[in-house]
Colleague: 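Below you'll find the structure I mean.
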Protein chains: 2
Amino acid sequence: MNNTTLKKISGLLGLSISTVSRALKNHPDISEKTKQRVTELADSLDYEPNANAIQLRTSKSNLFGLVVPSISNFFYHSFISAVEEESRKNGYALMILQSGDDPAIEILNLKLCRKSRISGLFACISNQTGNIDAYLKMKDLEIPVIFFDKVPELNNCNKICVADEASAAMAANTIILKNKKKVLAVFGNTNLSITKKRLTAFTKTMNGKIDLLVHHANSITEAEAITMECLPQKPDTVFCMSDEILAGAMKAIQRTGLKIPDDISVIAISNGFIPKLYFPEITYVETSGDELGRLAFSSMMACLDGSTFTQELTTMSVLVEGGSM
Amino acid sequence: MNNTTLKKISGLLGLSISTVSRALKNHPDISEKTKQRVTELADSLDYEPNANAIQLRTSKSNLFGLVVPSISNFFYHSFISAVEEESRKNGYALMILQSGDDPAIEILNLKLCRKSRISGLFACISNQTGNIDAYLKMKDLEIPVIFFDKVPELNNCNKICVADEASAAMAANTIILKNKKKVLAVFGNTNLSITKKRLTAFTKTMNGKIDLLVHHANSITEAEAITMECLPQKPDTVFCMSDEILAGAMKAIQRTGLKIPDDISVIAISNGFIPKLYFPEITYVETSGDELGRLAFSSMMACLDGSTFTQELTTMSVLVEGGSM
DNA sequence: TCGTTTACTGCAACCGTTTGCGGAAATGTT
DNA sequence: AACATTTCCGCAAACGGTTGCAGTAAACGA
């Protein structure tokens with residue numbers, strides 16, 4: 001069984017294609033009687049307009065692109081989930097592409113987006129991305145680009161970010177408030193701007209008040225190893241910059257058999273899933289991918305509505321108390 | 001700056017559109033010299049063929065659809081990741097839609113797929129899906145459908161599944177081999193076929209050899225509560241049917257302060273992420289979303305190549321030893 | 001009864017590509 | 001020199017919609 005088209009419907013009804021088209025979009029020129037005849041037949045034939053033909057004719061598509069290093073990541077998938085949901089509610093579809101942190105693939109993905117004539121792009125640049133020309137090309141083509149999370153250091157573009165500084169400061173303040181004396185703080189890869197921001201804000205808020213051991217880890221395993229090394233120095237608190245690091249630190253703590261929060265306290269910056277896997281649940285500063293996603297989407301809609309002024313938005317962070325402090 | 005089209009290139013070069021089109025696809029009718037002139041200009045103008053026009057003309061698209069209850073799920077995102085990667089490598093894009101287990105949204109998503117004239121669909125039906133007519137309609141339109149994980153009880157369609165029975169049996173056999181005497185086995189929602197299959201195979205393999213406490217849980221919280229209730233009965237092993245249940249059970253075990261594996265052993269069926277968050281790492285039977293994804297993709301390609309015979313495939317499961325037994 | 005307005009509907013061009021077919025120029029064959 | 005082949009290229013229709021414009025019949029006004 002082939003697809004139903006306007007032509008098919010018009011043939012069956014003895015009307016012209018244009019009349020059918022107008023009837024289906026409730027155009028005032030068409031009589032009620034005709035409209036009804038048309039819609040009835042269209043329904044019974046499961047007519048679905050060909051989105052490709054529409055975009056060809058109108059140069060408007062109902063497709064957004066989303067490029068991201070990897071969807072297999074706690075933070076991103078809540079973000080993606082939110083964007084996808086909002087898109088659907090607004091009649092858009094979402095094409096999701098992942099780069100695996102490979103700049104070559106990233107460029108390929110952007111090409112794919114252009115080929116599909118997306119009408120907007122959500123982008124999180126990979127760690128390795130040096131050159132963002134491919135993204136700028138999008139702007140040349142008047143395709144709005146909303147950068148999220150990992151954004152280029154560039155003015156005049158839309159960015160939606162987690163409040164890195166505020167989150168780190170919030171965590172630091174919590175530690176101070178709880179009267180802790182010696183903190184092991186584990187951060188991520190030194191090259192990432194997210195690490196720099198969180199590290200700076202964290203140490204600045206600490207302001208030398210507390211004995212601080214700062215370390216960096218690139219993976220769960222590294223985080224575990226570093227924590228194991230430092231535990232003998234008896235910190236009373238471990239701060240973890242991310243979920244990945246939290247997972248590693250927790251393994252080390254479980255390995256040594258320390259009790260949380262009696263022997264040691266733990267606090268993290270997290271999207272909220274991992275902290276709830278342990279007992280007691282870990283206290284964390286929440287960076288909501290979901291909220292970020294909705295923010296990104298509304299920013300996209302603003303662009304599409306013709307807003308030309310660019311904005312940099314950050315989400316608020318919230319302290320979620322578990323039993324680990 | 002507007003998009004470059006064949007027309008624009010042909011105008012600039014004083015050639016016809018058809019010649020340009022052929023030159024770009026390396027058609028033998030076109031001379032080398034012309035080909036070179038064309039490709040050079042096309043490159044410098046960043047020409048990208050309009051995918052919509054192509055699908056309109058050829059009724060072939062480079063788009064696959066993927067509908068799933070939620071991408072925020074450990075198992076699915078590794079599956080999706082794999083399908084997405086394979087798709088990209090083969091020149092396809094992937095449109096990902098989630099239903100949130102709502103049949104109405106599911107139908108909406110399928111409509112969107114048809115509107116976009118996808119050339120193939122990967123589908124995981126939601127728990128609530130009663131009626132799969134919308135999927136059958138796809139088959140009517142000659143759009144291949146590959147069901148994965150949660151598949152309809154229908155013959156004559158392509159299904160890619162985890163080896164539920166084999167996995168559960170493998171877990172049960174491991175427990176027997178380790179000479180355990182009393183097992184708390186926590187399963188998921190009774191209505192799911194996945195639960196039924198795993199439960200049946202598990203108990204059958206156990207064959208009454210071991211003292212068995214069977215319970216069901218629908219969430220992390222429920223799994224934690226149930227485990228808490230049962231621990232006083234001193235099982236020497238906890239079996240968890242899924243990651244969700246494992247997370248709950250682990251919270252209960254941590255709460256009571258039992259030591260793994262000295263006080264109690266733990267084994268699960270899992271995708272492999274959660275078990276590695278604990279120390280000792282949990283022993284689990286792996287159900288690889290990644291492998292499933294690649295299998296699904298190759299099955300899709302077979303359909304597209306004209307293979308009409310339907311197949312039901314299952315992936316092999318592997319025991320991954322942590323230190324929890 | 002004869003314009004004029006109103007209410008419907010159809011014509012045709014267009015979006016960007018693909019592709020069967022036919023044609024002109026260049027080359028090869030006697 | 002006359003004809004047959006190649007080689008290279010363009011014409012035009014088609015895919016499935018949208019939309020400005022024009023056309024027709026019916027209803028209206030005088």
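Everything numeric here is computed off the predicted structure, so don't read it as measured data. First the proteins, then the strands, lettered A, B, ... as listed; each starts at 1.
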Colleague: Which atom pair, heavy atoms only, marks the closest approach of A/N3 to B/R117?
Modeller: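 Between these two residues, the closest heavy atoms are ND2-NE, 3.6 Å.
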Colleague: Ignoring the backbone of A/S18, work out which of C/dA12, C/dG16, C/dT17 is nearest its side chain.
Modeller: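 Within the option list, the nearest is C/dA12.
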Colleague: According to the interplanar angle, ranging from 0 to 90°, do the rings of B/Y92 and B/F297 count as parallel (below 30°), tilted (30 to 60°) or perpendicular (above 60°)?
Modeller: perpendicular
Colleague: By nearest heavy atom, map B/Q55 and B/T19 onto DNA chain D; which one lands nearer the 5' end?
Modeller: B/T19
Colleague: Using a 6.0 Å cut-off, check whether atom CD of A/Q311 has over 12 heavy atoms from anything other than its own residue.
Modeller: yes
Colleague: Nearest-Å distance, CZ (A/R57) to C1' (D/dT18)?
Modeller: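 From A/R57 CZ to D/dT18 C1': 4 Å.
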Colleague: Within residues 42-53 of chain B, find the residues that approach DNA chain D with a heavy atom at under 4.0 Å, and present them sorted by residue number.
Modeller: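 Contacting residues: none.
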Colleague: Please give me the minimum heavy-atom distance between B/E291 and B/S288, naming the atom from each residue.
Modeller: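 So the two residues come closest at N-OG, 2.8 Å.
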Colleague: For residues 42-49 of chain A, dump all side-chain donor-acceptor pairs below 3.5 Å to protein atoms at least two apart in sequence or in another chain.
Modeller:
residue, atom, partner, partner atom, Å
A/S44, OG, A/L41, O, 3.0
A/D46, OD1, B/K137, NZ, 3.4
A/D46, OD2, B/K137, NZ, 3.4

Colleague: Has A/S16 got a side-chain N or O lying under 4.0 Å from the OP1 or OP2 atom of C/dG10?
Modeller: yes
Colleague: Measure from NZ on B/K33 to P on C/dA26 and round the result to the nearest Å.
Modeller: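 In whole Å, C/dA26 P lies 11 Å from B/K33 NZ.
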Colleague: Which residue, A/T34 or B/I17, contacts DNA chain C at a nucleotide closer to its 5' end, judged by nearest heavy atom?
Modeller: A/T34
Colleague: Applying salt bridge (charged side-chain N to carboxylate O under 4.0 Å, His left out), run through A/E32 and A/K35 and close with a yes or a no.
Modeller: CA-CA 5 Å; A/E32 284 307 322; A/K35 278 181 191 169; 3.6 Å; yes
Colleague: So if I take residues 20-32 of chain B and measure heavy-atom distances to DNA chain C, which residues fall below 4.0 Å?
Modeller: B/S21, B/R22, B/K25
Colleague: When the distance from CZ of B/R117 to P of D/dC15 is rounded to whole Å, what number comes out?
Modeller: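 Rounded to whole Å, this separation is 14 Å.
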Colleague: Work out which heavy atom in A/K139 is nearest to a heavy atom in A/N156; give both atom names and the distance.
Modeller: NZ-O, 2.7 Å
Colleague: Answer yes or no: does a side-chain N or O of A/K7 lie under 4.0 Å from OP1 or OP2 of D/dC15?
Modeller: yes
Colleague: Whole angstroms only, please: what is the CG-C1' distance between B/L13 and D/dC8?
Modeller: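 Rounded to the whole Å, the gap is 15 Å.
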Colleague: Using a 4.0 Å heavy-atom cut-off across all strands, classify A/T5 as base, sugar-phosphate, or nothing.
Modeller: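 Since only primed, P, OP1 and OP2 atoms lie under 4.0 Å of A/T5, the category is sugar-phosphate.
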Colleague: Please give, in whole Å, the distance from D/dT7 P to B/L15 CG?
Modeller: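 That distance rounds to 20 Å.
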Colleague: Measure from NZ on A/K60 to P on D/dG17 and round the result to the nearest Å.
Modeller: 19 Å
Colleague: For A/N52 and B/S61, test the side chains for any donor-to-acceptor distance below 3.5 angstrom and give the result as yes or no.
Modeller: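 The answer is no; no qualifying pair exists.
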Colleague: Taking donor-acceptor contacts at under 3.5 Å, does the side chain of A/T58 reach the base of C/dC15?
Modeller: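 Check fails, no donor-acceptor contact within cut-off.
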Colleague: Between atom CG in A/N3 and atom P in D/dG16, what is the gap in whole Å?
Modeller: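 For the pair A/N3 CG and D/dG16 P, the rounded distance is 8 Å.
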Colleague: In whole angstrom, what separates B/L6's CG from C/dC15's C1'?
Modeller: 12 Å
Colleague: Please confirm whether A/F122 and A/F64 have ring centers closer than 6.0 angstrom.
Modeller: yes
Colleague: Measure across B/I143 and B/S119 and return the closest heavy-atom pair with its distance rounded to 0.1 Å.
Modeller: CG2-C, 4.1 Å
